[in-house]
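Lettering of chains follows the sequences in order, A, B, ..., and the numbering in each one begins at 1.
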Protein chains: 2
Amino acid sequence: MKHNVTMKDIAEKIGVTSVTVSKALNDKEGVSDELKEKIKQLAEEMGYRFNTAARSMKDGLSFNIGVIIPERFTGMLQSFYLNFYQSISKVLEEQGYYGILHILRSEDEDELKLPRIYQEQKVDGFVILGQIKKPYIKKLQSVELPTVFMDFYDEEANMDAVITDNFYGAYDITNYLIRNGHEKIAFVGNIYSTSSIQDRFLGYYKSLLEHHIKLNDQYILCDRDEHGKYIEIDLPEELPTAFVCNCDQVAHLLIAKLKDFGYRVPEDFSVVGFDNDIYATITEPGLTTVEVNIEEMSRTAIGFIQEKIRDKGKKHGRIQIKGNIVYRDSVKNIKKK
Amino acid sequence: MKHNVTMKDIAEKIGVTSVTVSKALNDKEGVSDELKEKIKQLAEEMGYRFNTAARSMKDGLSFNIGVIIPERFTGMLQSFYLNFYQSISKVLEEQGYYGILHILRSEDEDELKLPRIYQEQKVDGFVILGQIKKPYIKKLQSVELPTVFMDFYDEEANMDAVITDNFYGAYDITNYLIRNGHEKIAFVGNIYSTSSIQDRFLGYYKSLLEHHIKLNDQYILCDRDEHGKYIEIDLPEELPTAFVCNCDQVAHLLIAKLKDFGYRVPEDFSVVGFDNDIYATITEPGLTTVEVNIEEMSRTAIGFIQEKIRDKGKKHGRIQIKGNIVYRDSVKNIKKK
DNA sequence: CTGAAAGCGCTTACAG
DNA sequence: CTGAAAGCGCTTACAG
């Protein structure tokens with residue numbers, strides 16, 4: 001293969017210098033319109049492709065962003081963050097940036113080992129998807145690269161984070177159940193487990209408070225142990241009429257359990273979820289749930305990263321992106337006529 | 001932030017030149033072991049990070065591979081290729097390469113528009129996941145970049161492709177049904193639709209032939225129209241005892257349909273799939289299916305790409321990677337004792 | 001064993 | 001409006 005065509009090649013053909021070609025192709029001042037047009041056309045004809053590496057050398061920027069997902073959020077059944085990555089990747093490409101995926105292995109997370117993309121200056125910043133361990137957060141922050149966290153926030157760590165509005169999402173969907181006549185409403189989730197679940201619980205609680213429905217301890221159903229592993233859900237003696245699940249997957253598990261007992265959803269029990277991930281659609285019936293606004297979150301996070309690349313000191317703090325309720329068939333209106 | 005530390009910085013601290021530092025850090029000849037050690041240690045202390053951009057300039061390689069997925073294979077319910085991408089990305093990282101994901105929009109595919117990663121010399125090669133339209137294949141081949149196709153092959157196009165062994169996969173799993181006493185076995189799939197489905201059908205047919213079971217036209221059930229859109233599956237008058245579905249998703253749909261009719265799987269009908277994707281696990285009962293060996297396929301494809309980067313003329317042709325049967329609960333042994 | 005020189009492709013700041 | 005010079009950080013080929 002003949003070598004790639006460079007600005008110099010174009011310049012020589014016309015009898016100017018690469019400086020002029022550079023100006024022309026970048027629409028900079030200082031080239032006559034006529035010449036500029038001629039250069040652009042010739043570049044097209046010669047199949048000129050811009051060499052990003054040269055630009056990277058010049059301004060020390062790679063125009064890549066590392067997207068890090070802890071491996072435990074990964075796998076055939078957990079494509080949620082991969083979909084997130086896809087959205088981020090799309091937004092980045094619109095901006096002339098590119099996303100490089102790095103799956104963070106648990107060992108590396110424990111040993112505070114930074115990914116190769118850091119060691120090789122492959123990226124100008126990091127987007128972290130999902131919860132990672134505190135020491136690793138500190139490690140990332142000790143490094144000068146702009147970092148934005150998504151779908152995870154930790155109070156202590158003074159980090160820039162784009163999260164979904166867990167509180168108001170759960171609040172809205174609980175309100176919806178109440179509007180449909182439900183009063184005995186359970187919350188399914190380990191409220192000591194993650195900050196997201198806590199916020200979702202509190203949104204649920206706020207809705208109850210506003211409607212003067214007393215919070216019933218029996219109606220807080222644990223779904224996972226302290227390691228995040230799902231456990232059997234214990235149904236209370238006196239059953240509620242509706243369940244607010246902290247995520248779609250748990251709603252899926254709960255519905256399977258209810259069906260095993262011979263109950264039907266939504267005829268016997270209404271169930272709602274959170275996330276609008278794959279579990280919301282594969283469950284029978286389809287789940288009414290709170291949709292996480294992946295695209296808006298991606299845009300916001302990428303915006304933050306870019307500002308931080310321009311201005312290293314920039315702090316954004318935590319921002320919450322509101323999701324919308326997606327209505328499917330898992331809720332029954334039990335209001336008396 | 002102070003500027004990134006460079007080889008020159010290290011060199012000056014010790015009183016040598018960047019040439020020596022380069023040799024030392026790359027374990028090249030021509031530096032005393034003592035000095036080499038000293039340099040490496042100092043590099044560590046100073047937090048030196050290699051600048052990939054400089055290397056890229058030198059040898060005109062980006063050390064990125066573009067991974068292209070047509071958007072129609074994308075979405076919340078179709079994470080299969082995203083999982084593939086993840087595997088590719090992991091393999092690449094082991095090799096000091098990085099994968100940049102590009103979702104190919106249908107308009108761009110029709111208009112033969114190459115992705116920005118090509119225009120900007122961001123990548124040294126392409127991996128294409130899944131079927132793309134012929135003109136776009138031609139377009140990709142007209143460009144000098146090494147390209148390997150995965151999970152798709154087209155006879156005419158003289159391309160390098162890593163595909164799953166559809167023929168023997170279907171053959172094996174049909175044999176398995178026959179060993180379990182089944183003789184009336186239907187194939188579910190549009191056999192005029194894609195090359196993969198055709199091969200799977202032929203593998204099924206080979207198994208029948210070997211067992212002297214006559215192919216019954218009534219037992220070839222169409223699952224999708226010519227655009228690949230799933231259609232209602234028409235069950236034959238005389239029902240088979242088992243179904244070989246061309247993919248897990250269709251097996252999932254078929255089982256739902258059988259259940260609607262009041263049948264049970266596997267008690268009344270045995271059903272097997274292909275792919276071992278998410279549908280194999282979410283279906284009730286879990287599907288016995290042929291697992292596509294994603295990791296092995298990724299390694300092979302990346303190996304091909306790297307050889308092609310080294311040697312532009314290199315041709316590999318089509319290679320098939322054998323999958324394994326994953327046994328779950330969708331097949332019943334109906335052999336008379 | 002160590003280093004001076006040149007070069008990868010582009011851009012910036014300055015001179016004409 | 002156009003270009004000569006210098007530089008981004010590294011490596012290669014050669015000289016000492």
Sub-6.0 Å ring centroid separation between B:F149 and B:F126: no
What do the steps show when you test B:H316 against B:E307 for side chain to side chain contact (heavy atoms under 4.5 Å, CB included), and what is the final call? CA-CA 10 Å; B:H316 296 274; B:E307 281 184 59; 3.6 Å; yes
For the side chain of A:S62 and the backbone of A:K122, is there at least one donor-acceptor N/O pair under 3.5 Å apart? yes
For [X] and [N], what is the distance between atoms [atom1] and [atom2] respectively, to the nearest whole Å?
X: A:L35; N: D:dT2; atom1: CG; atom2: C1'; answer: 9 Å
X: A:Q121; N: D:dC10; atom1: CD; atom2: P; answer: 7 Å
X: B:I14; N: C:dC1; atom1: CD1; atom2: C1'; answer: 15 Å
X: A:E120; N: D:dC10; atom1: CD; atom2: C1'; answer: 14 Å
X: A:D59; N: C:dA13; atom1: CG; atom2: C1'; answer: 16 Å
X: B:I39; N: C:dG3; atom1: CD1; atom2: C1'; answer: 12 Å
X: B:F50; N: D:dC10; atom1: CZ; atom2: P; answer: 7 Å
X: A:M7; N: C:dC10; atom1: CE; atom2: P; answer: 5 Å

Structure string for DNA chain C in dot-bracket form, Watson-Crick and G-U at under 3.5 Å, | interchain: |||.||||||||.|||
Can you say whether the rings of A:Y97 and A:F63 are parallel (under 30°), tilted (30 to 60°) or perpendicular (over 60°)? tilted
What orientation do A:F80 and A:F84 show, parallel under 30°, tilted 30 to 60°, or perpendicular over 60°? perpendicular
Given salt bridge (charged side-chain N to carboxylate O under 4.0 Å, His left out), test A:R105 with A:E107 step by step and report yes or no. CA-CA 5 Å; A:R105 304 191 318 154; A:E107 304 95 275; 3.4 Å; yes
For residues 16-30 of chain A, which residues have at least one heavy atom under 4.0 Å from DNA chain D? A:V16, A:T17, A:V19, A:T20, A:K23, A:G30
Can you see if the side chain of A:Y48 gets near the phosphate of C:dG9 - specifically, an N or O under 4.0 Å from OP1 or OP2? no
Could you go over nucleotides 6-8 of chain D and give all protein N or O partners under 3.5 Å, atom names and distances?
from, atom 1, to, atom 2, distance (Å)
D:dG7, N2, A:K58, NZ, 3.2

Calculate, to the nearest 0.5 Å, the distance between atoms CZ and CD1 belonging to B:R299 and B:I321 respectively. 12.0 Å
Distance in Å, A:N158 CG paired with A:E155 CD, rounded so as to fall on 0.5 Å steps: 9.5 Å
Test the B:R49-A:Y118 pair against the cation-pi criterion, namely NZ or CZ under 6.0 angstrom from the six-membered ring centroid and within 45° of the ring axis. yes
Minimum side-chain heavy-atom gap A:I68-A:I103 below 4.5 Å: no
Report yes if some heavy atom in the side chain of B:L140 is under 4.5 Å from a heavy atom in the side chain of B:L114; otherwise report no. yes
